[in-house]
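Working notes for the structure below.
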Amino acid sequence: MEQKRHFSINLLEWYDKHKRDLPWRRHRNPYYIWVSEIMLQQTRVDTVIPFFNRFIERFPTVEDLADAPEQDVLKCWEGLGYYSRARNLQAAAKQVKELHGGIVPDDKASVFALKGVGPYTAGAILSIAFNKPEPAVDGNVMRVLSRYFLIEEDIMKGSTRAFMESLVVELIPDGRASDFNQALMELGALVCTPKSPHCLTCPVMEHCSARQEGKEEQLPIKTKAKPPRPEYRVVALVEGRGEHSGRVLIRQRPQEGLLARMWELPHLQTPAARSGRLPDEPAMDILAGALLEEGIAARPIAHLTDAEHTFSHIHWNLQVYRCREEDLPQAAELKAMYAAGDSGEPSVQTEYRWIDEQDMQHYAFPNVFLKILQNYFKHSSY
DNA sequence: AATCCGGGGTG
DNA sequence: CACCCAGGATT
């Protein structure tokens with residue numbers, strides 16, 4: 001069909017002139033492409049660039065990544081979000097080292113078998129790094145195609161994605177899979193933007209069906225995500241005394257689940273007051289009780305700050321209280337009990353550490369705790 | 001097919 | 001501030 005031919009030819013011509021100079025485009029190194037594609041999942045190019053440069057500097061090869069301590073990998077990912085991407089990437093690096101001698105495989109089955117690599121990323125690696133005619137359909141691509149071809153199906157449906165993938169395969173010009181897939185995404189990022197697309201500078205405007213129908217702003221059709229549910233939490237920022245003077249208490253999150261194995265300030269969920277936020281006195285009482293139960297010898301002193309953190313499905317409302325380490329004999333005994341007591345199950349004991357500002361270098365925190373800690377150390381004059 | 005995973009940008 | 005961006009794993 002003429003509309004398809006026009007699209008492929010003009011898009012490629014545009015890309016040859018407008019392609020951005022990006023760190024992972026300076027070499028055709030499959031490892032660079034792979035790392036960049038994982039980072040670019042749900043994350044914008046401008047955000048990714050500094051993280052990518054630091055990551056490659058720290059882990060120049062697949063083997064360096066495979067052999068690194070996981071905490072180093074998480075620390076390098078700190079602030080980028082979706083930390084399972086980092087954990088999966090390292091697990092996959094170990095796969096590549098052991099199964100493929102450290103060489104990123106170029107066959108579909110092997111690439112798809114890598115941890116953290118699904119249909120999109122497999123297609124991106126195979127096409128961009130190895131120029132194989134595989135589709136790499138992400139949000140950008142679905143937006144561009146839904147507009148140009150006036151596809152009014154819900155892009156959240158698997159069947160719509162499958163249709164788009166078959167369409168891309170038809171559109172890839174012989175021998176140009178790498179450039180073509182990158183061009184599609186580049187157009188979505190720079191021209192065919194979610195809001196107010198820049199149709200007047202678009203290389204394929206002439207035969208764009210949505211543009212002709214005046215529907216470009218209405219596409220793509222997409223079911224809305226559910227709003228995140230609110231959660232209310234009280235957080236303890238425990239200031240050490242005596243041998244812990246000038247340091248604060250942090251703990252490591254559980255091995256699995258949300259923010260797995262990252263570090264944080266001790267906190268617990270509380271019921272929501274009518275206004276959401278609990279009044280200080282009850283919140284401090286709850287926190288005091290919880291700290292004691294955890295075997296932490298500390299007492300809440302005063303409200304320090306509030307913070308928020310939004311995940312895709314949860315919205316944390318955090319009330320942070322400055323607490324003071326106490327040497328309560330009861331607490332010490334409780335702590336000893338907890339340490340010695342085992343319920344028979346191989347449960348991992350929560351790790352607690354006392355850290356100062358410099359020690360933060362060694363621990364990976366979610367942004368919300370990173371900011372609370374940085375702000376605290378900046379203003380505290382111990 | 002539905003749910004669980006962060007963080008930043010735009011208007 | 002409301003709204004947007006969305007791949008992969010798991011169940």
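All chains are named by letter (A, B, ...) in the order of the sequence lines, taking the proteins before the strands, and each is independently numbered beginning at 1.
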Task: Pair A:Glu98 + A:Lys94: basic N to acidic O under 4.0 Å - done: no
Open item on the list: Counting only side-chain nitrogens and oxygens, does A:His309 get under 4.0 Å of the OP1 or OP2 atom of B:dG6?
Closed with: no
TODO: Would you indicate which nucleotide in B:dG7, C:dG8, B:dC5 comes nearest to any side-chain atom of A:Gln41?
DONE: C:dG8
Tabulate below the donor-acceptor pairs under 3.5 Å that side-chain atoms of residues 108-119 of chain A make, not counting sequence neighbours, or state none.
residue  : atom : partner  : partner atom : Å
A:Lys108 : NZ   : A:Glu134 : OE1          : 3.3
A:Ser110 : OG   : A:Asp107 : OD1          : 2.8
A:Ser110 : OG   : A:Asp107 : OD2          : 2.8

TODO: Pull out every residue in residues 46-56 of chain A that has a heavy atom closer than 4.0 Å to any atom of DNA chain B, ordered by number, or say none.
DONE: A:Thr47
Task: Residues within residues 137-158 of chain A bordering DNA chain C, heavy-atom distance below 4.0 Å - done: A:Asp138, A:Gly139, A:Asn140, A:Arg143
- [ ] Please collect all side chain to side chain donor-acceptor pair (under 3.5 Å) contacts where either partner lies in residues 186-206 of chain A, sequence neighbours excluded, each pair once.
- [x] A:Arg20-A:Glu186, A:Arg25-A:Glu186
Open item on the list: Nearest to the side chain of A:His313, heavy atoms from C-beta on, is which of B:dG6, B:dC4, C:dG8?
Closed with: B:dC4
TODO: Mind listing the residues from residues 80-94 of chain A sitting with a heavy atom below 4.0 Å of DNA chain B? Number order is fine.
DONE: A:Leu80, A:Gly81, A:Tyr82, A:Tyr83
- [ ] Looking at every strand, decide which applies to A:Leu259 at a 4.0 Å heavy-atom threshold: base, sugar-phosphate, or nothing.
- [x] sugar-phosphate
TODO: With sequence neighbours left out, write down each residue that passes side chain to side chain contact (heavy atoms under 4.5 Å, CB included) with A:Ser312, or none if nothing qualifies.
DONE: A:Tyr82
Task: Whole-Å P distance, B:dC5 and C:dC5 - done: 23 Å
TODO: Applying side chain to side chain contact (heavy atoms under 4.5 Å, CB included), name anything that partners A:Ser36, two or more places apart in sequence or on another chain.
DONE: A:Trp24, A:Leu40, A:Phe52
- [ ] Apply side chain to side chain contact (heavy atoms under 4.5 Å, CB included) to A:Asn131 and list each qualifying residue two or more places apart in sequence or on a separate chain.
- [x] A:Arg28, A:Ala177, A:Ser178
Open item on the list: How many whole angstroms separate atom CG of A:Leu40 from atom P of B:dG6?
Closed with: 18 Å
TODO: Using a 4.0 Å heavy-atom cut-off across all strands, classify A:Gln42 as base, sugar-phosphate, or nothing.
DONE: base
TODO: Not counting sequence neighbours, which residues clear ring-ring contact (aromatic ring centres under 6.0 Å, His included) with A:His315? List them please.
DONE: none
Task: Pairs meeting criterion ring pair (Phe, Tyr, Trp, His ring centres under 6.0 Å) with involvement of residues 170-194 of chain A, two or more places apart - done: none
TODO: Output the rest of the hydrophobic cluster of A:Leu200: all Ile, Leu, Val, Met, Phe, Trp and Tyr residues reachable through side-chain heavy-atom contacts under 4.5 Å, sorted by chain and number.
DONE: A:Met205
Task: A:Arg54 to A:Phe51 six-membered ring, cation-pi geometry met (6.0 Å, 45°) - done: yes
Task: Sequence-distant partners of A:Ala272, side chain to side chain contact (heavy atoms under 4.5 Å, CB included), two or more places apart - done: A:Tyr232
Task: Sugar-phosphate, base or nothing in reach of A:Thr43, heavy atoms under 4.0 Å - done: base
Open item on the list: I want to verify a distance call: between C:dT10, B:dC4, B:dT10, whose nearest atom is closest to the A:Arg44 side chain?
Closed with: B:dT10
Open item on the list: Just the rounded figure in Å: distance from C1' of B:dG11 to CD of A:Glu217.
Closed with: 12 Å
Task: Rounded interatomic separation in angstrom, taking CG from A:Leu370 and P from B:dG7 - done: 10 Å
